[in-house]
2 protein chains.
Amino acid sequence: MESEDDFKEFIINGDKKFVPHLSIDCVIFGFHNNLLKVLLLKWGKIDGWSLPGGHVLRGENVEDSAYRILKERTGLTEIYLQQFKTFGKPKRTGNALELLFKSSGVNTNIKSWLLDRFISIGYYALVDFSKVMPTADWLSEKCAWHDINKIPPMLFDHNEIVEEALKSLKFAIYHQPLGYNLLPERFTLPQLQKMYETILNKKLDRRNFQKKILSLGILNRLEERMKIGPHRSPFVYSYNKEKYEAALKEGISFSF
Amino acid sequence: MESEDDFKEFIINGDKKFVPHLSIDCVIFGFHNNLLKVLLLKWGKIDGWSLPGGHVLRGENVEDSAYRILKERTGLTEIYLQQFKTFGKPKRTGNALELLFKSSGVNTNIKSWLLDRFISIGYYALVDFSKVMPTADWLSEKCAWHDINKIPPMLFDHNEIVEEALKSLKFAIYHQPLGYNLLPERFTLPQLQKMYETILNKKLDRRNFQKKILSLGILNRLEERMKIGPHRSPFVYSYNKEKYEAALKEGISFSF
DNA sequence: CCAAAAGTGTTTAAAATACACCCATGC
DNA sequence: GCATGGGTGTATTTTAAACACTTTTGG
């Protein structure tokens with residue numbers, strides 16, 4: 001969406017291009033400064049935040065729509081993506097779009113497909129924070145990361161969607177390795193532990209954590225150490241991609 | 001759907017009543033004779049089986065639609081229901097509906113909303129086999145239980161949907177008690193074990209299984225024994241509803 | 001009396017947990 | 001030299017796994 005004309009065309013004729021009544025919302029997780037982050041959009045024409053989302057092109061695979069939307073907002077194509085729930089309450093979008101129409105100078109008597117009811121398919125994505133280029137557009141004045149614990153009240157039912165995504169992520173971390181998608185290529189065990197602690201929302205014992213995570217055999221310890229701060233430098237690790245993929249496929253079982 | 005007139009009205013004007021492009025498919029699991037069963041519909045006008053499904057009324061909560069559909073097919077209202085995945089491949093319904101239209105004597109040049117692309121929300125349900133009244137209708141000549149291992153090739157992508165439902169169920173059984181929904185009120189430990197073995201698709205040790213399941217403290221052993229066959233009679237158990245609900249909420253962790 | 005299935009407990013192995021001291025670094 | 005955070009191993013407890021004999025019942 002790059003201009004007012006685009007927007008008007010979208011309001012009036014969007015349903016020729018997109019499947020009506022159906023939307024996609026993406027909860028994009030990143031990890032930075034030992035904090036779990038979510039990428040949100042600040043709307044320009046009305047006051048409020050929302051998840052990045054979009055619609056499914058007629059003829060497009062739903063999963064491909066999610067990848068397309070993620071590409072638009074992050075610039076990334078290789079992304080870990082997981083469908084987690086579909087949201088279908090009849091009043092879930094409230095009247096935010098009517099307000100948007102008013103604020104954008106669109107005739108509110110117009111009968112737009114956008115004012116119909118929408119069912120939204122929720123996907124969460126795990127991305128390398130450092131590689132993301134948050135990208136706003138004509139409709140959104142900002143695209144920015146928020147701490148998972150400092151998420152503002154959002155439009156529609158998007159706070160609920162984030163809650164559910166986090167719940168799914170928490171569940172997933174017991175059965176899959178996840179670090180490959182959220183951390184940069186080279187990272188330290190303390191960082192990885194912080195990632196686990198943030199997602200699980202609890203403290204873990206350092207020694208037991210290392211024992212468990214190393215016993216999976218999916219990590220390579222590099223010669224290098226990371227020089228950070230007035231203390232001993234931690235070792236740098238990277239994932240062994242093959243063994244990581246194998247663990248993903250087989251499934252693992254953490255206890256924590 | 002009770003008559004040809006109903007059907008024609010549905011084809012032509014269904015989208016006034018229902019949300020277009022969106023459907024619901026239900027994988028209804030039951031347990032009988034120590035076998036896991038799924039309730040399927042045999043179509044009357046064309047040859048083929050499918051999952052029971054339906055559409056979302058405009059204004060209706062999606063979850064309520066699933067309950068409504070389940071009520072129609074089983075007669076039951078109190079059902080354990082779980083959304084598990086949404087299916088959105090563009091060609092997922094194939095050309096089965098065109099064939100149905102032809103076989104039903106509907107003009108195939110008609111532009112029906114039903115011939116559009118559909119995205120389907122998958123729910124699985126767990127029901128007490130003995131309480132279900134499988135109900136067919138004008139479109140379906142049969143509504144019948146099938147062994148999970150003897151499911152015929154189905155219309156649309158319904159075989160894939162059953163696979164995914166089973167995968168989700170398998171996953172769930174490691175974290176929740178499930179027997180309350182699938183077994184009759186009074187049952188034996190061997191029955192319960194068979195249920196677990198069927199869902200997990202593996203044999204379990206009798207003694208270890210009983211230790212584990214009893215240690216949850218959600219079962220009551222009744223005085224009674226069940227007299228079945230030329231051998232020792234097993235004890236009858238029932239669930240302690242309160243403790244069962246608590247275990248559901250807390251979540252449990254089975255290892256098997 | 002025989003076949004078929006259910007009841008029951010102990011021993012062993014594996015996994016999770018709890019826990020403390022020393023080391024490297026920057027200021 | 002001191003504060004901060006990282007590296008490392010062992011002992012204990014808990015949990016899972018392996019395993020066999022006796023009892024009941026119908027035919």
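A quick note: this is a predicted structure, and the numbers were derived from the prediction, not measured. So you know, we letter chains A, B, ... as the sequences are listed, proteins then strands, and number each from 1.
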message: With nearest nucleotide decided by heavy atoms, which residue, His231(B) or Tyr237(B), maps closer to the 5′ end of DNA chain C?
response: His231(B)

- line: Atom CD of Gln210(A) and atom C1' of dG9(D) are separated, to the nearest Å, by 12 Å

task: Name the nucleic acid region contacted by Lys211(B), choosing base, sugar-phosphate or nothing; use a 4.0 angstrom heavy-atom cut-off, strictly under.
output: base

statement: The residue, Ile228(A) or Arg225(B), whose nearest nucleotide of DNA chain C is more 5′ is Arg225(B)

- prompt: How close or far is atom C1' of dC19(C) from atom CZ of Phe209(A), stated in whole angstroms?
  reply: 19 Å

task: From the options Arg92(B), Lys85(B), Lys89(B), select the one residue that forms a salt bridge (Lys or Arg N to Asp or Glu O under 4.0 Å) with Asp157(B).
output: Arg92(B)

- prompt: Which whole-number value in Å describes the distance from Ile213(A) CD1 to dA15(C) C1'?
  reply: 16 Å

field: Nearest-angstrom distance from the residue atom CG of Leu192(A) to P of dG7(D)
entry: 12 Å

- request: Measure from the side chain of Pro190(A), starting at C-beta and using heavy atoms only, and say which of dA16(D), dG7(D), dT8(C) lies closest.
  value: dG7(D)

task: Report the C-alpha distance between His175(B) and Phe171(A) in whole Å, list the side-chain angles of each, state the deciding distance to 0.1 Å, and finish with yes or no for ring pair (Phe, Tyr, Trp, His ring centres under 6.0 Å).
output: CA-CA 10 Å; His175(B) 304 284; Phe171(A) 205 66; 4.6 Å; yes

message: Within a 6.0 Å radius of atom NZ on Lys212(A), are there more than 12 heavy atoms belonging to other residues, nucleotides or ligands?
response: yes

message: What's the angle between the local helix axes at either end of the helix from dC1(C)-dG27(D) to dC27(C)-dG1(D), using five pairs per end and rounding to 10 degrees?
response: 10°

message: Using heavy-atom distances to pick each residue's nearest nucleotide on DNA chain D, tell me which of Asn208(B) and Ser233(B) is more 5'.
response: Asn208(B)

- prompt: Could you state the CZ-P distance from Arg207(B) to dT11(C), rounded to the nearest angstrom?
  reply: 14 Å

task: Using atom CG of Leu204(A) as one end and atom C1' of dA15(C) as the other, report the distance to the nearest whole Å.
output: 16 Å

- line: Nearest-nucleotide check on DNA chain D, Arg206(B) vs Asp205(A); residue mapping nearer the 5' end is Asp205(A)

- request: Provide, to the nearest angstrom, the distance between the CZ atom belonging to Arg232(B) and the C1' atom belonging to dA3(C).
  value: 16 Å

- prompt: Between Arg68(A) and Glu72(A), is there a salt bridge with N-O shorter than 4.0 Å?
  reply: yes

query: Would one find more than 12 heavy atoms of other residues, nucleotides or ligands at under 6.0 Å from atom OH of Tyr180(B)?
result: no

- prompt: Is the shortest side-chain N to carboxylate O distance from Glu163(A) to Lys167(A) below 4.0 Å?
  reply: no

message: Looking only at the side chain of Phe235(B) (C-beta and beyond, no hydrogens), which of the listed nucleotides dG7(C), dT24(D), dT8(D) gets closest?
response: dG7(C)

task: Please state how far atom CD1 in Ile252(B) lies from atom P in dT15(D), giving the value in whole angstrom units.
output: 14 Å

task: Kindly say if Arg221(A) contacts the phosphate of dG6(D), meaning a side-chain N or O under 4.0 Å from OP1 or OP2.
output: no

message: Under a 3.5 Å threshold, yes or no: a donor from one side chain and an acceptor from the other, between Gln176(A) and Tyr80(A)?
response: yes

